[in-house]
Participant: 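Have a look at this one before I ask anything.
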Amino acid sequence: MAQSENVYNLLRPKNLKDYIGQSKIVQSLKLFIDASKKRGNPSEHLLFYGPPGIGKTTLAYVVANELGGNIKITSGAVIQKSGDLAAILTNLKDRDILFIDEIHRLPKPVEEILYPVLEEYALDIVIGKGPSARSVRLDVPKITIIGSTTKLALLSAPLRDRFGMLLRLDFYNHDEMIQLIKRSAKMLDLPLDSNIIDKVSKRSRKTPRIANRILKRIRDMFEVGKSKSIDEKMIDDLFKLLEIDSMGLANIDLKYLKLLAEKYAQAAVGIETIASSLSEDRQTVEEFIEPYLLQLGFIKKTPRGRQITPKALSHLNITLV
C-alpha cells in the first residue's frame, strides 16, 4: 500500500514534456526556461490565471523542477503583513520559486513591498518608528515569483504589469482529458478500458482536478470491492453514488436548470432570484454553478437575466409547450 500511495502522490508531472494540455502555455514556458538556463538566472516573473483545477499549481512545480530550484508555496490570504513576506524571501535561494496562490488577495501594503522584489530583487523595509525610522534595502536572491489567480480583474494594474509573462490556462478539450486520464490511471494502476475512460472524461467538466478526483474514487471502489477488473456496471454505480450525470452535472446543476425550465419556462431570470430559489449565495451561483453550464451551452446570459437553451432542455428531456 505504501508503494501505491507513493505512486498516487506522483500524479503531478515533473517536466514540461510530461505535462498534458495547454500546448501554447507549455511552448511559452519552454522558451522561458531555456532562456533562463542560458543566462544563468531568471529575469522574468510569471502570472498564471484561469479557472480553478486546471493546472496552475502543477505548472509552478514543473517550472521549479526544470529550473533546478526548490519551490515555496504560499497564499495571498496568508501574507498579512510585510514581515511575513520578508521572512519567506530571506529563506529562499537563487533559482528558487515563490508561488503565491490567489495573489489578488494580497493586502495593499504587502503588494507595494513586492514591487521592488519583482523589479530589482530588492526588499525595502522600515526599521524603527516615528522620526527615527529609516528605510533599509536588502538584496533578495535571484528567484522566480509565480502568481496564480482565478480573478485577474481583482489584481491591481501596478502589480499585474510587473509580471513579465501573463499566461491564461483554459479548460481542457475532450482529447486532452482522455490523455490525462490514461496517464493518471496508469500511475494509479487502474485497468480502465477506452469506454470507461471516455465516461470519466465526459463527467470531469473539462477539469483535470475533477478527473483525478473521480479516479481516486474508482480506485477506492476497486480496492474495497477486491475486484479483478473494472467494468461499466461498477463505474455506473459509482457515478450514481457520486450523483454525477452523463455530462458531469451534479444535483445543484440539475436543480438550477430545472428551475429555469419548469418554474420560469423560457423567461429570463435574474441572478438574485435564482440564488434565492436555490438557497445559495450569488457568488456560489456565478462562480461555481454557471461557468460549466455556459461552457456546455446550456444557459445564456442576457441583459434581462439567465435563460435556458434548447440544448439543455434536450439533455433534461423537457419539452416546453
Side-chain angles (χ1 to χ4, degrees), residues 9-16 18-22 25-26 28-37 41-108 110-123 140-152 154-156 158-170 207-209 212:
N9 290 329
L10 293 177
L11 279 180
R12 279 193 171 118
K14 297 293 185 295
N15 304 293
L16 281 177
D18 297 324
Y19 191 91
I20 296 171
Q22 314 292 347
I25 303 297
V26 169
S28 297
L29 286 176
K30 187 178 187 309
L31 178 63
F32 165 80
I33 290 167
D34 290 345
S36 295
K37 287 180 176 179
N41 58 65
S43 62
E44 300 274 28
H45 303 284
L46 311 174
L47 180 62
F48 298 149
Y49 68 100
I54 54 173
K56 297 187 289 295
T57 303
T58 297
L59 272 178
Y61 275 101
V62 168
V63 171
N65 188 60
E66 292 275 10
L67 290 177
N70 296 316
I71 183 169
K72 170 67 177 177
I73 295 179
T74 187
S75 170
V78 172
I79 307 175
Q80 290 297 309
K81 52 185 186 294
S82 57
D84 298 334
L85 180 62
I88 293 172
L89 291 171
T90 52
N91 284 303
L92 296 175
K93 299 177 181 178
D94 287 349
R95 304 183 73 84
D96 281 354
I97 302 293
L98 174 59
F99 178 66
I100 306 176
D101 196 16
E102 296 302 311
I103 193 171
H104 65 268
R105 298 183 65 183
L106 280 176
K108 190 65 177 177
V110 177
E111 178 184 314
E112 292 174 351
I113 291 289
L114 195 58
Y115 294 164
V117 177
L118 289 163
E119 290 184 316
E120 305 169 36
Y121 298 105
L123 179 65
V140 171
K142 299 298 188 293
I143 62 172
T144 297
I145 295 178
I146 301 178
S148 167
T149 179
T150 55
K151 301 177 180 178
L152 184 65
L154 296 185
L155 212 62
S156 71
L159 179 58
R160 185 178 64 242
D161 292 346
R162 281 172 168 82
F163 285 93
M165 295 179 66
L166 274 68
L167 302 172
R168 172 175 169 76
L169 281 71
D170 211 341
T207 306
R209 181 184 295 165
N212 286 331

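Values reported hereafter were calculated over all heavy atoms of this structure, with side chains retained and with hydrogens, waters and symmetry mates removed.
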Participant: So, for Tyr61 and Ile73, which heavy atoms are closest and what is the spacing to 0.1 Å?
Facilitator: OH-CD1, 3.1 Å

Participant: Rounded to the nearest 0.5 Å, what separates atom CG in Leu106 from atom CD in Glu112?
Facilitator: 11.5 Å

Participant: Quick one about Asp101 and Ser148 (side-chain donor to acceptor, distance below 3.5 Å, no hydrogens or angles considered), yes or no?
Facilitator: yes

Participant: Where is the tightest heavy-atom contact between Ala64 and Ile71, given as atom of each residue plus distance?
Facilitator: CB-CB, 3.8 Å

Participant: Give the C-alpha distance, both sets of side-chain angles, the deciding distance and a yes or no for side-chain contact (heavy atoms from CB on, under 4.5 Å) between Ile145 and Leu114.
Facilitator: CA-CA 10 Å; Ile145 295 178; Leu114 195 58; 3.9 Å; yes

Participant: Return the minimal non-hydrogen interatomic distance between Asp96 and Asn70, and the atom names on each side.
Facilitator: OD1-N, 2.9 Å

Participant: Looking at Glu44 and Thr144, what are the two nearest heavy atoms and their distance?
Facilitator: O-CG2, 3.9 Å

Participant: Would a 4.5 Å heavy-atom cut-off, applied to side chains only, mark Arg105 and Ser75 as touching?
Facilitator: no

Participant: Has Arg162 got more than 12 heavy atoms of other residues, nucleotides or ligands less than 6.0 Å from its CZ?
Facilitator: yes

Participant: Calculate, to the nearest 0.5 Å, the distance between atoms CD1 and CD1 belonging to Ile103 and Ile79 respectively.
Facilitator: 8.0 Å

Participant: List for me each residue that meets salt bridge (Lys or Arg N to Asp or Glu O under 4.0 Å) alongside Glu120, sequence neighbours excluded, and say none if there are none.
Facilitator: Arg137

Participant: Kindly determine whether Leu152 and Leu47 satisfy side-chain contact (heavy atoms from CB on, under 4.5 Å), including the steps that lead there.
Facilitator: CA-CA 10 Å; Leu152 184 65; Leu47 180 62; 3.8 Å; yes

Participant: Check the pair Leu59, Leu167 against side-chain contact (heavy atoms from CB on, under 4.5 Å), reporting the backbone distance first and the verdict last.
Facilitator: CA-CA 11 Å; Leu59 272 178; Leu167 302 172; over 6 Å; no

Participant: Taking all non-hydrogen atoms of both residues into account, name the closest pair between Arg12 and Lys14 and its distance.
Facilitator: O-NZ, 3.4 Å

Participant: With side-chain contact (heavy atoms from CB on, under 4.5 Å) as the test, would you mind laying out the steps for Ser36 and Phe32 before giving the verdict?
Facilitator: CA-CA 6 Å; Ser36 295; Phe32 165 80; 3.8 Å; yes

Participant: Does atom CG of Asn65 have more than 12 heavy-atom neighbours, drawn from other residues, nucleotides or ligands, at distances under 6.0 Å?
Facilitator: yes

Participant: Do Val110 and Gln80 come within less than 4.5 Å of each other through their side chains, counting heavy atoms only?
Facilitator: no

Participant: Could you tell me whether a side-chain N or O of Asp94 sits under 3.5 Å from a main-chain N or O of Lys142, the two making a donor and an acceptor?
Facilitator: yes

Participant: Could you tell me the separation between the NZ atom of Lys72 and the CD1 atom of Ile100, rounded to the nearest 0.5 Å?
Facilitator: 11.5 Å

Participant: Distance from Phe48 atom CZ to Thr149 atom OG1, nearest 0.5 Å?
Facilitator: 13.0 Å

Participant: For Phe99 versus Ala60, what's the shortest heavy-atom pair and its separation?
Facilitator: CD1-CB, 3.5 Å

Participant: Checking Arg168 now: which residues fulfil salt bridge (Lys or Arg N to Asp or Glu O under 4.0 Å) with it, not counting sequence neighbours?
Facilitator: Asp170

Participant: With rounding to the nearest 0.5 angstrom, report the CG to OG distance, Leu89 to Ser82.
Facilitator: 11.0 Å

Participant: Is it true that, when you exclude Lys93 itself, more than 12 heavy atoms of the residues, nucleotides or ligands shown sit nearer than 6.0 Å to its NZ?
Facilitator: no

Participant: Restricting to salt bridge (Lys or Arg N to Asp or Glu O under 4.0 Å), what partner residues turn up for Glu66, sequence neighbours left out?
Facilitator: Lys37

Participant: Taking Arg95 for its side chain and Gly69 for its backbone only, find out whether a donor-acceptor pair lies under 3.5 Å.
Facilitator: no

Participant: As an exercise, state the distance from CD1 of Ile146 to NE2 of His45, rounded to the nearest 0.5 Å.
Facilitator: 10.5 Å

Participant: Side chains of Leu118 and Leu159: closer than 4.5 Å at any heavy-atom pair?
Facilitator: yes

